[in-house]
Protein chains: 2
Amino acid sequence: MIRVLIADDHPVVRAGLAAMVDSVPDLVVAGQVATPGHVVTAVDEFRVDVVLLDLSFGKDGSGVEALHDLRNHGSTVPVLIVTSFESERDILAAIEAGAAGYLLKDAEPDALVAGIRAAAAGEMALAPRVAQRMAQRLRSPHEALTSRELEVLHLVASGASNSQIANTLVVSEATVKSHLTHVFTKLDVSSRTEAVHQARQRGLMP
Amino acid sequence: MIRVLIADDHPVVRAGLAAMVDSVPDLVVAGQVATPGHVVTAVDEFRVDVVLLDLSFGKDGSGVEALHDLRNHGSTVPVLIVTSFESERDILAAIEAGAAGYLLKDAEPDALVAGIRAAAAGEMALAPRVAQRMAQRLRSPHEALTSRELEVLHLVASGASNSQIANTLVVSEATVKSHLTHVFTKLDVSSRTEAVHQARQRGLMP
DNA sequence: GTTGACGTCCAACTTTCGGTTGATGCGTCA
DNA sequence: TGACGCATCAACCGAAAGTTGGACGTCAAC
């Protein structure tokens with residue numbers, strides 16, 4: 001009997017996951033929570049074998065935070081990310097934080113159940129599209145943007161000019177340009193708009 | 001007894017909506033479909049009183065298409081949009097296509113059931129956030145972009161330069177610039193990146 | 001039928017803004 | 001300590017962006 005905790009802010013999704021889990025004989029919903037903050041206590045409280053964790057909890061925080069909290073509290077319970085986003089950044093962050101798998105919400109019930117079983121058995125469970133994306137990344141490893149570069153890129157995406165960025169970042173305009181040229185070479189583009197587009201494509205930005 | 005059709009491409013969401021509907025005594029799930037193309041026949045086949053329709057069906061089409069098909073076939077069944085997107089464009093398109101309401105997937109079960117009842121009774125059902133957004137739009141009516149302007153803006157968003165846009169649209173570069181200045185004044189911005197950002201904010205672009 | 005508003009299109013002008021190059025201090029890690 | 005990466009900056013250059021002004025067609029209103 002595998003006891004599952006469902007953590008998602010959408011009532012509809014909670015109900016759907018619960019229905020799927022409960023329809024399988026040897027799976028049971030141990031509990032449901034709607035905010036990341038309640039995950040840690042819930043894992044303790046109910047004897048949870050596997051956590052189904054959403055990534056985006058609206059304004060209440062993120063699933064990755066909850067995952068970090070969990071690990072900081074010494075819990076080793078396998079956590080299965082179940083989300084509708086498949087951006088590279090999200091996937092990497094989740095896996096680095098110690099997720100046992102990454103499933104997509106458009107998955108068939110079978111895939112979900114299989115993922116839960118795998119996680120409970122200590123194995124890794126990745127949705128096919130996610131696995132493909134990671135493989136692709138390994139093949140052509142993008143050079144990672146530094147945090148400063150990302151910061152600049154975000155401001156660019158919000159429509160700021162170089163001088164405006166320089167003001168808000170309290171650096172010279174030259175610095176901003178420098179960061180941007182680095183971004184361009186790393187992303188293999190030649191203009192700010194292209195850079196924003198590429199970054200979005202690769203899931204580097206919201 | 002209100003008979004509900006559920007149309008969504010995500011199995012999890014279908015299961016969740018079904019669970020919610022079935023938990024109410026006088027509501028019943030008449031059927032479920034996973035693609036927009038099956039909505040019309042399903043409405044005929046099962047005696048459907050209300051349709052819960054998702055907007056984004058992945059690559060299989062869109063909910064608005066299904067809604068149009070439905071109306072073209074003479075059906076007047078109330079259709080309730082249930083989606084997680086709340087962009088102005090989506091909302092307007094749905095309402096213009098004859099939706100009986102627009103709910104968000106993060107809604108509580110109560111709100112969902114209330115929406116279904118309202119739709120079945122021939123009333124309108126809007127999620128609070130959606131209603132707020134529409135009210136906001138009525139207060140400050142953005143000047144609508146022409147289709148050509150939107151076309152140009154899309155290309156800008158994808159990182160194209162003016163000359164590239166001119167090529168793909170087979171017009172002069174001057175024309176592109178002209179369109180863009182119009183876009184700028186309408187959106188009250190002064191640069192292409194700002195324009196893209198604003199358009200995204202207002203839900204004019206994907 | 002005429003007027004006017006609007007959309008699409010274009011040319012020529014100006015210049016700002018963006019991007020390149022090269023160089024410096026600073027921390028870190030081997 | 002020496003090499004490397006990151007953040008910072010100055011000065012230069014030129015293309016690409018944006019402005020202005022205008023032509024033409026269409027459609028609706030009057």
Side-chain angles (χ1 to χ4, degrees), chain A residues 89 92-93 96 137 140-202 204-205, chain B residues 89 92-93 96 137 140-202 204-205:
Chain A
R89 200 191 46 175
L92 281 181
E96 278 174 17
R137 181 198 162 84
S140 72
H142 315 321
E143 315 201 45
L145 299 185
T146 72
S147 64
R148 198 58 160 172
E149 288 163 351
L150 252 183
E151 209 172 349
V152 171
L153 193 52
H154 270 104
L155 289 168
V156 169
S158 75
S161 70
N162 286 344
S163 71
Q164 287 175 317
I165 297 173
N167 276 338
T168 63
L169 256 46
V170 206
V171 296
S172 128
E173 193 177 334
T175 307
V176 175
K177 294 179 181 180
S178 170
H179 286 312
L180 276 179
T181 48
H182 291 150
V183 170
F184 296 162
T185 58
K186 285 182 180 177
L187 257 43
D188 191 31
V189 297
S190 60
S191 81
R192 54 209 293 110
T193 37
E194 265 186 276
V196 170
H197 186 233
Q198 262 300 319
R200 269 191 227 282
Q201 289 268 323
R202 299 187 184 180
L204 268 44
M205 309 200 8
Chain B
R89 200 192 46 175
L92 280 181
E96 277 175 18
R137 181 200 162 82
S140 73
H142 314 322
E143 315 202 45
L145 299 185
T146 72
S147 64
R148 198 58 159 174
E149 286 162 353
L150 251 182
E151 209 172 348
V152 171
L153 192 53
H154 270 105
L155 290 167
V156 169
S158 74
S161 71
N162 286 343
S163 71
Q164 287 174 316
I165 297 174
N167 277 337
T168 62
L169 257 49
V170 206
V171 295
S172 130
E173 192 177 335
T175 306
V176 175
K177 293 180 181 180
S178 170
H179 287 314
L180 276 179
T181 48
H182 291 151
V183 170
F184 295 162
T185 58
K186 285 183 180 177
L187 256 44
D188 192 31
V189 298
S190 60
S191 81
R192 54 209 296 108
T193 37
E194 266 187 275
V196 170
H197 185 235
Q198 263 301 318
R200 269 192 227 283
Q201 289 269 323
R202 302 188 183 179
L204 269 45
M205 309 197 14

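Lettering follows sequence order; numbering is per chain, from 1.
Between the two ends of the helix from dG1(C)-dC30(D) to dA30(C)-dT1(D), each summarised by a five-pair axis, the helix axis turns through 40° (rounded to 10 degrees).
The two residues Val183(B) and Ala195(B) come nearest to each other via the heavy atoms CG1-CB, 4.4 Å. Of all the heavy atoms in Ser163(B) and Glu173(B), the pair that sits closest is CB-OE1, 3.8 Å. The minimum heavy-atom distance between Leu169(A) and Arg148(A), with the atom names listed, is O-NH2, 3.6 Å. Between Ala160(B) and Ile165(B), the shortest heavy-atom distance links the atoms CB-CG1, 3.7 Å. Nearest approach of Ala199(A) to Leu153(A), heavy atoms of both residues: CB-CD2, 3.7 Å. Of all non-hydrogen atoms in Ala157(A) and Arg200(A), the two that sit nearest each other are CB-NH2, 4.0 Å.
As a whole-Å value, the separation of Leu153(A) CG from dA7(D) P is 13 Å. Atom C1' of nucleotide dT8(C) and atom CD of Glu151(B) are separated by 12 Å, given to the nearest angstrom. In this structure, CD of Glu149(B) is placed 15 Å from P of dG18(D), rounded to the nearest angstrom. Arg148(A) places its CZ atom 13 Å from the C1' atom of dC9(D), with the value rounded to the nearest Å. Rounded to an integer number of Å, the gap from Leu150(B) CG to dT8(C) P is 10 Å. Computed from coordinates, the Gln164(B) CD to dA15(D) P distance equals 16 Å when rounded to whole Å. Note: NE2 (His182(A)) to P (dC4(D)) measures 16 Å, nearest angstrom.
Using a 4.0 Å heavy-atom distance criterion, Thr175(B) is classed as a base contact.
With rounding to the nearest 0.5 angstrom, the NE2 atom of His197(A) is 11.0 Å from the OG atom of Ser191(A).
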The contact string for nucleotides 15-30 of chain C, one letter per nucleotide 5' to 3', using protein heavy atoms under 4.0 Å with B, S and - for base, sugar-phosphate only and none, comes out as ---BBB----------
Could you go through the side chain to side chain contact (heavy atoms under 4.5 Å, CB included) check for Glu151(A) and His179(A) one step at a time?
CA-CA 10 Å; Glu151(A) 209 172 349; His179(A) 286 312; over 6 Å; no
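For the pair His179(B) and dG7(C), the criterion of a side-chain N or O lying under 4.0 Å from OP1 or OP2 is not met.
Between Glu194(A) and Ser190(A), the side chains place a donor N or O and an acceptor N or O closer than 3.5 Å (distance only, hydrogens not considered).
Listed candidates were dT8(C), dC9(D), dA11(C). Nearest to the side chain of Ser147(B) is dT8(C). Of all nucleotides listed (dC9(C), dG7(C), dA10(D)), dG7(C) comes nearest to the side chain of Lys186(B).
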